[in-house]
Amino acid sequence: MSVAGLKKQFYKASQLVSEKVGGAEGTKLDDDFKEMEKKVDVTSKAVTEVLARTIEYLQPNPASRAKLTMLNTVSKIRGQVKNPGYPQSEGLLGECMIRHGKELGGESNFGDALLDAGESMKRLAEVKDSLDIEVKQNFIDPLQNLCDKDLKEIQHHLKKLEGRRLDFDYKKKRQGKIPDEELRQAMEKFEESKEVAETSMHHLLETDIEQVSQLSALVDAQLDYHRQAVQILDELADKLKRRMREASSRPKREYKPKPRELLDLGEPEQSNGGFPCAAAPKITAASSSFRSSDKPVRTPSRSMPPLDQPSCKALYDFEPENDGELGFHEGDIITLTNQIDENWYEGMLDGQSGFFPLSYVEVLVPLPQ
């Protein structure tokens, strides 16, 4: 950093300390600017939380949620993505119903009904895939772009404005000791930064109809999903009612037990049903001492990662219920690789990687901030 740059940093730091500690007053921004800044801040918080909640709404499972956020919008637009790459719960239920329906066979009313329901569940999974992709493309990605570009740019302008204000106020307090040309340049830079920040905030607030359009796209995708889901379930309900009517109109088959066969046991020759009793082997002193010298074999414990890297200890057994989750037993030491949200971690154990709930473990070495 140049000498002039170091000097400017010193000026800003000195002014900040005098305002925070000494109670000195700096240049006040006008009320319109402050109101605009407040609205931008509220917008930023709203977009950030709505994004997170929308992804949770689409996929409560953290493993699927992570895959959803990694979907490539460009490949979807080009038609290269037909499904989001993770199983929907409706599809898993449908596969389960179809498997057991086939096992029960065509003579079973319940088996045939399971096949009908299973096919409908798989269709619902396809519709849910379309919903996830549509919402990701037309709602999540545009809002994420707003966060990463427009809002980030506004924050940069506001931060630059605050730095130039501190520099200007420091020089203004020392008017007479600092050359007038230097003070004039500081004032011009402050006014320039204020105008740039104002323009970017004004543009964001005046074009918020774009966010309304994106919200409308979310609602349209949900409506389309629910219409198709209602149609699929209506068809399934009609099939099941038709099966019930057909089953009730068929005559019931009566159960006729087969006649019992007489079992001739004959005369018992021995008290244990005719089988000779084998003599119990005697335990000699030698064999007894051999058994007492045996030691139990210890099962090898899982390899423990060094505790100089982020890790945690399992407090309870955790059985994975979804794809992408990591199972473990009480006492296992798990290497931490990522924190998905406030309730879920990602880690590795014995070469396996996956997600697991924070409530099941005790953090030994936290992840770096």
In terms of heavy-atom contacts, does NE2 of His100 have more than 12 from other residues, nucleotides or ligands at under 6.0 Å? yes
So with a 6.0 Å cut-off around NZ of Lys172, is the heavy-atom count from everything else above 12? yes
Determine whether a donor-acceptor pair (N or O, by modelled atom type, separation under 3.5 Å) exists between the side chain of Asp332 and the backbone of His329. yes
Run the salt-bridge test on Glu192 and Lys160 with the 4.0 Å N-O cut-off and return the result as yes or no. no
Out of the candidates Lys189, Glu182, Glu181, Glu188, only one should pair with Gln185 under the side chain to side chain donor-acceptor pair (under 3.5 Å) rule; please name it. Glu181
So, Arg53 and Glu56, do they make that salt bridge, N to O below 4.0 Å? yes
Quick one: do Asp167 and Lys171 make a salt bridge, cutoff under 4.0 Å? yes
Do Asn138 and Gln214 get their side chains close enough for a donor-acceptor pair, meaning under 3.5 Å? no
Under a 3.5 Å distance rule, please check whether Asp317 uses its side chain to pair with a backbone N or O of Glu330 as donor and acceptor. yes
One should read off an interatomic distance between Leu205 CG and Ile154 CD1, to the nearest 0.5 angstrom, of 7.0 Å
Heavy-atom donor-acceptor pair, Gln339 side chain to Asp341 backbone, under 3.5 Å: yes
Judged by atom type as modelled, is there a donor-acceptor pair below 3.5 Å linking the side chain of Ser213 to the main-chain atoms of Ile209? no
Would Lys194 and Asp30 count as a salt bridge (charged side-chain N to carboxylate O under 4.0 Å, His left out) if you check the C-alpha gap in whole Å, the side-chain angles of each, and the deciding distance to 0.1 Å? CA-CA 11 Å; Lys194 180 174 179 292; Asp30 57 82; 3.0 Å; yes
Between the side chain of Thr54 and the main-chain N/O of Val50, is any donor-acceptor distance below 3.5 Å? yes
Return the orientation label for the Phe190 and Phe168 ring planes: parallel under 30°, perpendicular over 60°, tilted otherwise. parallel
Any salt bridge between Arg243 and Asp112, counting N to O under 4.0 Å? yes
Is it the case that over 12 heavy atoms from other parts of the model lie below 6.0 angstrom from the CD atom of Glu103? yes
Ser311 side chain to Leu364 main-chain N or O, any donor-acceptor pair under 3.5 Å? no
Go through the steps for Leu233 and Leu124 under the test side chain to side chain contact (heavy atoms under 4.5 Å, CB included), then give the verdict. CA-CA 9 Å; Leu233 293 174; Leu124 281 176; 3.9 Å; yes
If only atom types and distance count, is the side chain of Thr43 paired as donor or acceptor with the main-chain N or O of Lys39 below 3.5 Å? yes
Could you state the interatomic distance from CG (Asp148) to CD (Gln144), rounded to the nearest 0.5 Å? 4.5 Å
Does CD in Gln222 sit with more than 12 non-hydrogen atoms of other residues, nucleotides or ligands closer than 6.0 Å? yes
Are the side chain of Asp169 and the backbone of Thr27 linked by a donor-acceptor contact shorter than 3.5 Å? yes
Is the side chain of Lys128 donor-acceptor paired with the backbone N or O of Leu58 at a distance under 3.5 Å, no angle test? yes
Heavy-atom count around His226 NE2 within 6.0 Å, excluding the residue itself: above 12? yes
Looking only at side chains, do Glu325 and Asn322 share a donor and an acceptor under 3.5 Å apart? yes
Exceeds 12 heavy-atom contacts within 6.0 angstrom, atom NZ of Lys152: no
Within the side chain of Ser108, is there an N or O that forms a donor-acceptor pair under 3.5 Å with the backbone of Leu104? no
Tell me whether Asp132 is salt-bridged to Lys136, with the criterion being a basic N under 4.0 Å from an acidic carboxylate O. no
Counting only heavy atoms not in Phe33 (residues, nucleotides, ligands), do more than 12 fall under 6.0 Å from its CZ? yes
If you count every heavy atom of other residues, nucleotides or ligands that lies below 6.0 Å from Glu246 atom CD, does the total exceed 12? yes
Taking all heavy atoms of Ser200 and all of His157, pick out the closest pair and write down the distance. OG-CD2, 3.7 Å
